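Report on one structure; see the data block that follows.
Because only heavy atoms are used, hydrogens play no part in the values below, and waters and symmetry mates are left out as well, while side chains stay in. Naming: A, B, ... by sequence-line order, numbering from 1 per chain. Computed from a predicted structure; not experimentally measured.
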Amino acid sequence: MKIATWNVNSLRVRLPHLLDWLTAVQPDVVGLQELKCVDEKFPFDELQAMGYYSVANGQKTYNGVAILARHPIEDVSRDIPGFEDEQKRVIAGTVNGVRMINVYVVNGQDLGTDKYAYKLRWLTALTAYVAEEMKKYPKLVVVGDFNIAPTGEDTHDPAIWEGKILCSEPERAALRGLIDLGLKDSFRLFDQPPGSFTWWDYRMAGFRRNLGLRIDHVLASHPLADVCRSCAADLAPRRLERPSDHAPVVAEFEL
DNA sequence: ATGGTCGTTATACGA
């Protein structure tokens with residue numbers, strides 16, 4: 001079972017890349033983020049024609065998440081239950097007995113801003129939600145754009161990023177708190193080449209110079225981590241014309 | 001220190 005996550009940064013613009021990538025990679029379940037697309041305009045028909053069921057939680061201009069799967073998506077849940085939030089950042093569903101919680105974590109802008117405070121509050125609410133879900137679903141993945149690089153190794157230059165947004169200690173502590181519920185960072189279950197990232201700023205030729213961060217993750221519960229066979233970023237779509245600024249991450253599980 | 005580049009029912013703002 002191939003489980004993937006991809007911040008597409010506008011589903012409308014990236015739909016041709018997405019359809020080509022689904023054909024090439026054949027993932028079984030995919031979490032998408034930053035759709036910037038209302039549900040009324042979600043391309044359900046094109047995806048169905050490719051053999052994918054889809055469920056979405058979209059909004060205009062900003063945010064928006066979806067799950068695609070080759071099998072029916074059951075027990076779909078949108079947002080974080082009990083957490084007041086205008087922004088559409090979470091969708092969950094169950095496919096073949098595997099629970100996927102797909103998240104687009106708040107970016108946070110800069111330390112000390114209202115958006116940063118919102119990010120930390122949001123992560124506290126997410127952690128409580130995932131804790132509840134883990135009681136119900138032993139086989140669970142939390143995937144998405146976490147907007148957090150777990151360690152210096154997940155940045156092109158730890159000194160530059162030290163204490164900055166996406167790398168600050170409170171953000172990293174929040175991610176560790178989520179993982180400490182009983183999850184594994186699938187990517188780090190395997191030897192990886194240094195300089196492995198999932199996001200590169202459009203500015204300053206970030207991708208060409210590999211000035212990236214690893215901020216997109218597949219976190220797997222222990223029963224799934226035990227059967228994880230690979231996890232890697234797929235840089236091919238990032239090399240195309242008019243790419244998303246994020247690469248997809250694909251993890252394979254023997255199920 | 002600054003700005004740079006994308007996307008958006010845009011023309012300022014979020015990332």
Side-chain angles (χ1 to χ4, degrees), chain A residues 5-21 31-44 46 56-66 79 84-91 102-123 126 143-150 154-157 159-168 170-172 174-175 197-217 233-249:
Chain A
T5 177
W6 192 7
N7 179 323
V8 291
N9 186 16
S10 170
L11 184 54
R12 183 183 67 81
V13 171
R14 231 62 68 192
L15 188 60
H17 288 187
L18 175 63
L19 297 180
D20 289 349
W21 180 78
L32 300 177
Q33 305 88 35
E34 273 205 276
L35 307 181
K36 302 182 174 180
C37 170
V38 293
D39 293 351
E40 291 70 26
K41 293 185 178 176
F42 189 92
F44 292 106
E46 288 95 323
N57 188 20
Q59 76 179 78
K60 195 172 79 169
T61 310
Y62 302 113
N63 309 310
V65 287
D79 309 316
E84 281 294 319
D85 195 355
E86 296 298 304
Q87 305 189 11
K88 300 302 187 186
R89 297 179 172 279
V90 178
I91 190 166
N102 174 35
V103 303
Y104 174 47
V105 174
V106 177
N107 172 286
Q109 192 174 45
D110 270 310
L111 274 69
T113 64
D114 289 349
K115 293 191 179 76
Y116 184 77
Y118 167 50
K119 182 176 195 173
L120 295 181
R121 276 193 293 113
W122 195 94
L123 285 163
L126 176 70
V143 308
D145 175 0
F146 287 75
N147 270 316
I148 303 171
D154 303 302
T155 74
H156 64 91
D157 188 334
I160 285 175
W161 285 95
E162 178 77 42
K164 299 283 200 316
I165 194 65
L166 316 181
C167 297
S168 73
E171 293 167 82
R172 285 177 170 167
L175 180 58
F197 307 123
T198 65
W199 170 81
W200 302 259
D201 200 308
Y202 284 127
R203 296 166 288 190
M204 297 177 71
F207 183 65
R208 183 177 59 73
R209 301 158 67 198
N210 198 30
L211 304 180
L213 299 180
R214 192 175 70 89
I215 59 177
D216 301 87
H217 307 300
D234 179 359
L235 271 54
R238 189 64 177 79
R239 297 189 180 103
L240 300 173
E241 289 288 321
R242 228 182 163 193
S244 169
D245 45 353
H246 294 252
V249 177

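Rounded to whole Å, the C1' atom of B:dT11 lies 15 Å from the corresponding atom of B:dC6. Here, B:dT9 and B:dA1 have their C1' atoms 36 Å apart, quoted to the whole Å. If you take atom P in B:dA10 and the same atom in B:dT2, they sit 30 Å apart, rounded to whole Å.
Contacts classified as salt bridge (charged side-chain N to carboxylate O under 4.0 Å, His left out) and involving residues 109-118 of chain A (residues at least two apart or in different chains) are not found.
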Inset, instruction - Give the B/S/- string for nucleotides 7-15 of chain B, one per nucleotide from 5' to 3', where a protein heavy atom under 4.0 Å of the base yields B, of only the sugar-phosphate yields S, and otherwise -. - result: SSB----SB

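In the displayed structure, A:Glu162 atom CD is contacted under 6.0 Å by at most 12 heavy atoms of other residues, nucleotides or ligands.
A:Trp199 and A:Asp145 share no donor-acceptor pair across their side chains, judged by distance under 3.5 Å alone. In the model, A:Asp85 has a side-chain atom that pairs as donor or acceptor with a side-chain atom of A:Tyr118 under 3.5 Å.
Aromatic ring pairs are classed by plane angle as parallel below 30°, tilted from 30° to 60° and perpendicular above 60°; the pair A:Phe146 and A:His217 is tilted.
The salt bridge (Lys or Arg N to Asp or Glu O under 4.0 Å) search around A:Arg203 returns A:Asp201, not counting sequence neighbours.
A:Arg208 places its CZ atom 13 Å from the C1' atom of B:dG4, with the value rounded to the nearest Å. If you take CD of A:Glu241 and C1' of B:dT5, they are 15 Å apart, rounded to a whole angstrom. Atom C1' of nucleotide B:dC6 and atom CH2 of A:Trp200 are separated by 16 Å, given to the nearest angstrom.
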